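For clarity, every value in this text was computed on a predicted model and none was experimentally measured.
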Amino acid sequence: MYVILVYDFGEKRVAKMLKLCRKYLFWIQNSVFEGEISEVKLKELLQKAHGFMDKTEDSIILFKHPSKVYMDKEIIGKERGFTDNFL
């Protein structure tokens, strides 16, 4: 599945969330990640995030779609993170 993950974490936990998300998805902008991920890997990411998040202050928003093929992405202005992999 294709996922866009957006998070808002407190100052003490934001670096942990950034590091965690970089293991699973591509960074595209501050607190925003995207990429193809399996259901199992997504559950793993969320389980790890729940381990240190403060549910009274922090939040994670997920946009899920079966495939990136059916999504259009338009970037206006500077692209912060690149999702293309060059070999």
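The CD atom of E44 sits 12.5 Å away from the CD atom of E39 when rounded to the nearest 0.5 Å. Taking NZ of K19 as the reference point, atom SG of C21 lies at 13.0 Å (rounded to 0.5 Å). For the atom pair E36 CD and Y2 OH, the distance stands at 8.0 Å (nearest 0.5 Å). If you take CD on Q29 and CD1 on I4, they are separated by 11.5 Å, rounding to the nearest 0.5 Å. Note that NE2 of H50 is 5.5 Å distant from NZ of K55, once rounded to the nearest 0.5 Å.
Residue A49 comes nearest to M17 through the heavy atom pair CB-SD, 3.9 Å, listed as atom of the first residue, atom of the second, then distance. A pairwise comparison of heavy atoms in F33 and Y7 identifies CE1-CE2, 3.6 Å as the closest pair. Closest heavy-atom contact between Y24 and K48: OH-NZ, 3.2 Å. The shortest heavy-atom contact between M1 and L42 is SD-CD2, 4.1 Å. A pairwise comparison of heavy atoms in S59 and F9 identifies O-CE1, 3.6 Å as the closest pair.
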Stepwise side-chain contact (heavy atoms from CB on, under 4.5 Å) check, D8 with D58: CA-CA 6 Å; D8 184 12; D58 304 335; over 6 Å; no
Steps toward side-chain contact (heavy atoms from CB on, under 4.5 Å) verdict (L25, E34): CA-CA 6 Å; L25 298 165; E34 72 176 354; over 6 Å; no
L62 vs V6, side-chain contact (heavy atoms from CB on, under 4.5 Å): CA-CA, chis, key distance, verdict: CA-CA 6 Å; L62 284 169; V6 180; over 6 Å; no
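Between R13 and E57, some side-chain heavy-atom pair lies under the 4.5 Å cut-off. You'll find the side chain of R22 reaches within 4.5 Å of the side chain of L18, heavy atoms only.
In this structure, the side chain of D54 does not engage the main chain of G10 through any donor-acceptor pair within 3.5 Å.
Of the residues I28, V32, I37, L45, the one that meets the side-chain contact (heavy atoms from CB on, under 4.5 Å) test with L5 is L45.
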